[in-house]
S.K.: 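Structure below; questions to follow.
Residue numbers begin at 1 in each chain, while the letters A, B, ... track the order of the sequences.
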There are 2 protein chains.
Amino acid sequence: MIVILLYLQTNILGMINLLSNLKIAVPEKIFIKDPESSDLGKRIVEHSILLIDEIGFDSFTFKKLGAKIGSNESSIYRYFDSKHKLLLYLTSWYWAWIEYQMVFATHNVPDYNDQLFKAIEVVTREIKEDVAFTHINEVVLNRIIINEYSKSYLTKEVDSENKEGYFVVYKRVVKRLSEIINNVDSDYEFPSSLASTIVEGSLHQHFLKAHFSSITDCGKDVTPTEFFLNLTQKVLKTTTNGTK
Amino acid sequence: MIVILLYLQTNILGMINLLSNLKIAVPEKIFIKDPESSDLGKRIVEHSILLIDEIGFDSFTFKKLGAKIGSNESSIYRYFDSKHKLLLYLTSWYWAWIEYQMVFATHNVPDYNDQLFKAIEVVTREIKEDVAFTHINEVVLNRIIINEYSKSYLTKEVDSENKEGYFVVYKRVVKRLSEIINNVDSDYEFPSSLASTIVEGSLHQHFLKAHFSSITDCGKDVTPTEFFLNLTQKVLKTTTNGTK
DNA sequence: CAAAAGTGATAGTAATACTATTATATTTGC
DNA sequence: GCAAATATAATAGTATTACTATCACTTTTG
């Protein structure tokens with residue numbers, strides 16, 4: 001793993017500036033050559049996000065991507081073993097980015113309830129604005145996570161890939177959330193299941209909103225964030241002042 | 001749609017016998033020729049379930065299936081347009097089977113809370129025993145639903161396929177559950193989202209149990225059923241006697 | 001300035017996801 | 001009982017996919 005470089009500045013201008021100094025850490029075995037290390041690598045990542053969003057992961061090929069970035073299929077294979085590995089890269093990047101926001105949003109927040117509120121917001125919200133400081137379009141990447149994330153682990157190779165550490169970032173996000181849940185109500189018996197339900201369930205609600213609107217209440221007026229905040233508040237005994 | 005033939009006998013010997021008289025209804029456009037109408041069709045369905053479970057849907061091909069049942073690839077194409085349509089068939093069958101159990105389990109139950117309890121049990125439990133009255137192995141099919149169901153709708157064609165009615169059965173299961181939720185607590189604002197979260201979330205918890213055990217509490221001692229029953233009880237204001 | 005590393009172009013392979021055609025076997029309707 | 005219809009099997013063929021391998025060329029770097 002590349003170590004996250006946390007430049008903790010005294011006068012932070014905001015997350016956007018901070019993020020431009022921060023390298024999102026992705027498990028190293030996922031790629032052959034770090035796409036962040038070259039111009040071509042960055043263009044592969046940038047345009048793979050756009051192309052997967054456009055035609056879907058199933059129709060996506062390295063040949064088509066090559067055509068789009070004016071490069072060759074064989075060059076892309078020098079960065080990633082397969083399109084599956086590229087998806088693992090993109091999803092790991094996304095969850096590392098979410099994790100960063102979660103840590104940032106809950107850091108120095110004294111009240112555990114407030115921490116939980118903010119953490120749920122971070123993992124359940126729809127990304128609507130591109131940070132625009134990197135080559136990665138987070139709005140589009142968020143859509144890809146909603147539409148394709150499950151495919152990265154619903155394979156016959158999950159267990160071996162899990163051993164290789166390809167899903168650590170995702171699991172860490174869920175674990176952080178479950179710890180916050182545990183801080184709010186240590187008597188609650190299922191903090192991990194609740195956390196994983198919120199993270200994955202929120203992706204699902206976003207999907208339903210867009211495609212199966214008849215089986216969700218989320219839509220114009222209600223967001224998945226509201227639904228899961230309401231749910232969590234009811235499930236946990238939130239002590240009125242759960243100060244750190 | 002083929003109409004469900006509900007033989008409501010006066011002396012019901014149990015669900016198993018009833019099921020052997022019942023034809024599970026699958027939207028007709030999913031198949032070219034009804035696999036229930038011939039011996040070959042039934043063998044296609046029976047062994048596709050076993051083969052998908054064995055090698056995974058991604059590696060599954062009609063050629064391999066043909067080899068397994070001593071038939072020809074081209075003959076299988078006479079029943080299903082594509083392996084995607086076959087998956088839609090299997091998943092529709094599964095949800096129709098679950099729907100049937102849900103209706104059966106809640107039928108004539110006077111108390112709404114009891115209805116909810118039973119409905120959640122039906123949609124969240126792991127199938128451990130094969131009914132063994134049909135060619136369909138429900139234990140194995142349940143595993144396929146856990147591992148492959150998302151792939152049936154996470155496609156670029158969802159919207160058009162949804163219009164064709166390929167997902168009606170699933171949506172009906174969620175809607176039935178959300179109606180029961182609504183009966184228990186009509187003040188609750190998100191019955192559809194809660195219902196869809198229970199149905200899909202339970203599949204997810206079963207998956208985590210098997211592959212990412214560190215981010216779920218479900219395992220040896222705790223079942224997804226317990227988790228979601230506990231959650232639902234807390235989320236809803238269950239009036240002590242919500243009689244019909 | 002030479003070696004190394006990165007990129008591009010081309011070719012080739014086995015498998016996939018089909019379609020089309022023809023032959024043969026089985027069922028059915030009169 | 002037999003012809004017609006239907007079902008199944010066998011074979012061949014297509015475009016595409018998901019790669020691997022090789023070689024040429026260009027850029028970087030020690």
S.K.: Hey, is K29(B) close enough to E164(B) for a salt bridge, meaning N to O under 4.0 Å?
M.R.: yes

S.K.: Which residue in the set F167(B), F207(B), W95(B), Y94(B) passes ring-ring contact (aromatic ring centres under 6.0 Å, His included) when paired with Y149(B)?
M.R.: W95(B)

S.K.: Please report, rounded to the nearest Å, how far the P atom of dC23(D) is from the CG atom of N72(A).
M.R.: 17 Å

S.K.: Checking K83(A) against F62(A): charged group under 6.0 Å from the ring centre and within 45 degrees of the axis?
M.R.: no

S.K.: Where along residues 48-61 of chain A does a heavy atom come under 4.0 Å from DNA chain C, residue by residue in number order?
M.R.: none

S.K.: Under 4.0 Å between a Lys/Arg side-chain N and an Asp/Glu carboxylate O for R43(B) and E46(B)?
M.R.: no

S.K.: Let me see the working for Q205(B) and S196(A) under side-chain hydrogen bond (donor to acceptor under 3.5 Å, both in side chains), right down to the final yes or no.
M.R.: CA-CA 8 Å; Q205(B) 292 298 313; S196(A) 50; 3.0 Å; yes

S.K.: Can we say E99(A) and R172(A) salt-bridge, meaning some charged N sits less than 4.0 Å from an Asp/Glu carboxylate O?
M.R.: yes

S.K.: Could you tell me whether the phosphate oxygens of dA7(D), OP1 or OP2, come under 4.0 Å of any side-chain nitrogen or oxygen in K33(B)?
M.R.: yes

S.K.: What's the CG-P distance between L86(A) and dA18(D), to the nearest Å?
M.R.: 12 Å

S.K.: So, does Y79(B) get its side chain near the phosphate of dT8(D), meaning an N or O under 4.0 Å from OP1 or OP2?
M.R.: yes

S.K.: I32(B) CD1 to dT8(D) P: how many Å, rounded?
M.R.: 13 Å

S.K.: Y77(B) has an atom OH; how far is it from atom P of dA12(D), in whole Å?
M.R.: 18 Å

S.K.: Determine whether the side chains of K128(A) and N142(A) contain a donor N or O and an acceptor N or O closer than 3.5 Å.
M.R.: no

S.K.: Whether the S152(B) and Y166(B) side chains hold a donor-acceptor pair (N or O, under 3.5 Å, no angle test) is what I'd like checked.
M.R.: no

S.K.: How many whole angstroms separate atom CG of L65(A) from atom P of dC19(D)?
M.R.: 14 Å

S.K.: Distance under 4.0 Å to a non-hydrogen atom of chain A counts as contact; along DNA chain C, which nucleotides mark the start and end?
M.R.: dG6(C) to dT10(C)

S.K.: Could you pick out which residue, E73(B) or R78(B), lies toward the 5' side of DNA chain D when each is mapped onto its nearest nucleotide?
M.R.: R78(B)

S.K.: Does this structure show an ion pair linking E148(A) with R143(A), if we count only N-O contacts that are shorter than 4.0 Å?
M.R.: no

S.K.: When the distance from CD1 of I69(B) to P of dT8(D) is rounded to whole Å, what number comes out?
M.R.: 10 Å

S.K.: Classify K63(A) by what it touches in the nucleic acid, base, sugar-phosphate, or nothing, heavy-atom distance under 4.0 Å.
M.R.: nothing

